[in-house]
Amino acid sequence: MPSHVFQAPTGTRDFYPADCALRRFITESWRAASIRHGFDEVDGPTFEHLDLYTVKSGEGIVSELFSFTRAGGERTYALRPEFTPTLARLYAAKAGSLPRPTKWFCTPTFFRAERPQRGRLREFMQWNVDVLGDPSPQADVEVIATCVSLFRALGFTPADLRVRINHRAALCAWFESRGIALERHEALLSLLDQKSKLPAAEFAARLAAFGFTPEQAEVFVKGLLRTQVSPRSSEVSVLGETLDAASIDPIKRLMSGLEGTSDVLDLTLFSEAVAPLATALAAARILDWVDFDLSIVRGLAYYTGMVFEVHEAGGQERAVAGGGRYDNLVELFGGPPTPAVGMGMGDVVLSLVMKDKGLVPAPANLAEAIGIRPDVFVISNGDPGAEAALMPTVAALRESGLHVRHTYKTTRNVGKLLREASDTFARLAVIIEGADRGVIKDLGTGVQDAAPTPIGLLPAALGDRLRRGGGAGGVEVSVKAPEPG
RNA sequence: GUGGCCAUAGCUCAGUUGGUUAGAGCACUAGGUUGUGAUCCUAGGGGUCGCGGGUUCGAGUCCCGUUGGCCACCCCA
């Protein structure tokens, strides 16, 4: 008896076949969404010099990292907790020769030494999408649209998930216009960030210290600000303050460009900085996924403009994705001044939300989606000639490039073996009936050929059958086709 | 790093105020209904009750420790 039982380290996961299938489905979905939006895949090392992470986040980050020194070595390394520093390093090294914009994505594994809890583990995968070298709102929206494209592909609707957007620069400009001194902005942002963790009354009380009325505090508490605007109206009020004519103009432009949308619009943080963003969101046809939300701050000090998080509409789980614009980050890592916008999405929360919404594909659909359905399941009916022909037939079919399976059981009960074939989600079955022939059955339709096929012709016959879509049935593929545009 | 809850077969669980060789369903394996994916029948493998220690005549059942899990805090790149 072993005196010690080996267990996986805290916060890590073991991936059995079904788990691997789901993980691959997710990463393949990430890849597909990235690629159809024109992003190129990159990657870096799984560990970096520790300094790379303290540059951006300070020494305090070290306790959150898995760091180590090689035996006998002097340098300290850390397993990567995020991709952004690596991205900045990659970009800075070749900035001069890279196109503008540079659009990169990756779907690697990350490590964080945190206490695990729901939606947070110590090892996880995260999709990163970044646009470098483009300061326009279109770049902001491109990142968000890629994110939304994934949600659509997975079967989510705007009723399931909400993209909650804020704008750091616009928010701070608005603070300033209200006479809040620059040095108090950080404290105010941090207060907004704590909104969901404070009792409403206390939150309002603390806001009052910044000069906000109880009525305005209520708007912050509700988080989302949707203001009724009539295109014919000459006045618009936000947070109880009437906007000036210069501010109203972009609203009206926005309204006129949005045929078919409701005249209820999110106008939180309305300003010259936000209107172009809203316009671009509309042009990308994802405005219906988006709410502006004053309380979205993100913990990062380096965000400079738009910031966003994606949450379940009902508020369950933690953020599915988050990101924003960080125009000074590349410079921080030694590159040229480069406007940049990006986002990250982890597999842990995404999986939880998919389960919440019943959007995890059934095993057969997963197998179809990630391309692991067997083409053919070869069965012997027990005839001595068929027994001898079984493995050579399997080999010949594999030589022709097909995904071929056969039983490892001893029974030759055809019914049981067809059951096994069906359990593997194979498209076609071949029942070898003798040394020289086998009959083909389509496991999707249940239709079996009336006449057997000479064994030497099986590779060609099966290949032909599969090319014509044979065996495609039997599973419902829930993965939606990419949407046009 | 702090706190709370939890830990019995691969999975979901039952195990009476501590008492004989620890159970069920599903799953799995084999066989049957003399070759067609259903249903069904039969048989079988598999746990020493996360691990270690303690109390007791006796512990899965009580106590302590430890490991792991879940949840919240901190943090969230």
Side-chain angles (χ1 to χ4, degrees), chain A residues 1-14 16-18 48 52-58 60-65 78 80-88 110-122 124 126 128 130 190 193-194 196-197 297-303 307 309 317-319 321-324 326 329 332 342-346 348-349 352 377 379-383 386 407-426 428-434 438-449 452 471 473-474:
Chain A
M1 285 295 287
S3 60
H4 181 257
V5 179
F6 287 106
Q7 297 174 302
T10 298
T12 63
R13 294 170 286 181
D14 292 323
Y16 289 91
E48 294 268 11
L52 187 71
Y53 300 115
T54 55
V55 162
K56 187 188 99 184
S57 310
I61 197 69
V62 175
S63 65
E64 308 290 326
L65 301 177
R80 61 181 171 197
E82 60 167 322
F83 193 68
T84 308
T86 300
L87 177 91
F110 295 103
F111 309 86
R112 297 179 185 175
E114 295 177 297
R115 190 87 169 260
Q117 56 184 287
R118 187 173 180 82
R120 298 176 69 176
L121 296 174
R122 290 185 162 187
F124 57 94
Q126 189 181 78
N128 282 76
D130 293 272
S190 138
D193 192 35
Q194 291 170 37
S196 62
K197 290 176 182 171
V297 172
R298 306 289 293 158
L300 291 172
Y302 64 76
Y303 283 122
V307 289
E309 287 181 357
E317 311 297 355
R318 53 185 72 241
Y326 44 93
L329 195 74
L332 182 63
M343 71 109 193
M345 178 188 300
V348 183
V349 177
L352 289 173
F377 195 98
I379 293 169
S380 156
N381 72 344
D383 171 88
T407 191
Y408 290 87
K409 299 183 201 297
T410 56
T411 182
R412 287 298 178 262
N413 180 317
V414 173
K416 288 193 171 177
L417 296 178
L418 281 170
R419 168 67 190 275
E420 186 184 355
S422 175
D423 286 344
T424 69
F425 315 123
L428 303 172
V430 171
I431 304 166
I432 310 287
E433 299 184 320
V439 62
I440 301 172
K441 176 167 186 168
D442 187 315
L443 291 172
T445 62
V447 176
Q448 184 168 322
D449 287 2

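Nothing here was measured: the structure is a model prediction, and the numbers come from that model. FYI, side chains are in, hydrogens and waters are out, and symmetry mates aren't considered; it's all heavy atoms of this structure.
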Can you name the residues that form a salt bridge (charged side-chain N to carboxylate O under 4.0 Å, His left out) with A:E420, not counting sequence neighbours?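 None.
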Please measure how far the [atom1] atom in [N] lies from the corresponding atom in [M], and state the result in whole Å.
N: B:rC62; M: B:rU16; atom1: P; value: 10 Å
N: B:rA72; M: B:rC49; atom1: C1'; value: 30 Å
N: B:rU66; M: B:rA22; atom1: C1'; value: 25 Å
N: B:rG18; M: B:rG54; atom1: C1'; value: 15 Å

Looking only at N and O atoms, is any donor in the side chain of A:R120 or the base of B:rC75 less than 3.5 Å from an acceptor on the other one?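 Checked by distance alone, the answer is yes.
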Is it the case that the base of B:rA72 and the side chain of A:R118 share a donor-acceptor contact (distance under 3.5 Å, atom types as modelled)?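 Flag unset: no donor-acceptor pair detected.
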At under 4.0 Å, does any side-chain N or O of A:R298 touch on OP1 or OP2 of B:rA77?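 Looking at the OP1 and OP2 atoms of B:rA77, one of them is under 4.0 Å from a side-chain N or O of A:R298.
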Is any side-chain nitrogen or oxygen of A:T10 closer than 4.0 Å to OP1 or OP2 of B:rG68?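 Answer is yes, contact under 4.0 Å.
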With a 4.5 Å heavy-atom cut-off, do A:F425 and A:D423 have their side chains touching?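 When only atoms from C-beta onward are counted, A:D423 and A:F425 do not touch, as no gap falls below 4.5 Å.
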Would you please test A:F377 and A:T424 for side-chain contact (heavy atoms from CB on, under 4.5 Å) and show each step? CA-CA 8 Å; A:F377 195 98; A:T424 69; 3.9 Å; yes
For A:S63, answer base if it contacts any base atom (sugar-phosphate contacts may also be present), sugar-phosphate if it contacts only those atoms, and nothing otherwise; contact means non-hydrogen atoms under 4.0 Å.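 Answer is nothing: A:S63 stays at 4.0 Å or more from every strand.
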Check this for me, if you would: do A:R122 and A:E114 make a salt bridge, where the nitrogen-to-carboxylate-oxygen distance has to be below 4.0 angstrom?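 A:E114 and A:R122: not salt-bridged.
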Could A:E82 and A:R112 be called an ion pair, given the rule that one side-chain N must be under 4.0 Å from one carboxylate O?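 Salt bridge between A:E82 and A:R112, a charged N being under 4.0 Å from a carboxylate O: no.
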Closest-nucleotide mapping onto RNA chain B: is A:G11 or A:E82 further toward the 5' terminus? I mean the 5' end.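 In this pair, the answer is A:G11.
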Would you sketch RNA chain B in dot-bracket for me? Only Watson-Crick or G-U wobble pairs with both distances under 3.5 Å count, crossing pairs as [ ], other-strand pairs as |, the rest as dots. (((((((..((((.....[...)))).(((((.......))))).....(((((..]....))))))))))))....
Ring-plane angle category for A:F83 and A:F110, please: parallel below 30°, perpendicular beyond 60°, tilted otherwise.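 If you compare the ring of A:F83 with that of A:F110, the planes turn out perpendicular.
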Heavy-atom protein contacts under 4.0 Å, nucleotides 34-41 of chain B, coded B base, S sugar-phosphate only, - none: -BBBSS--
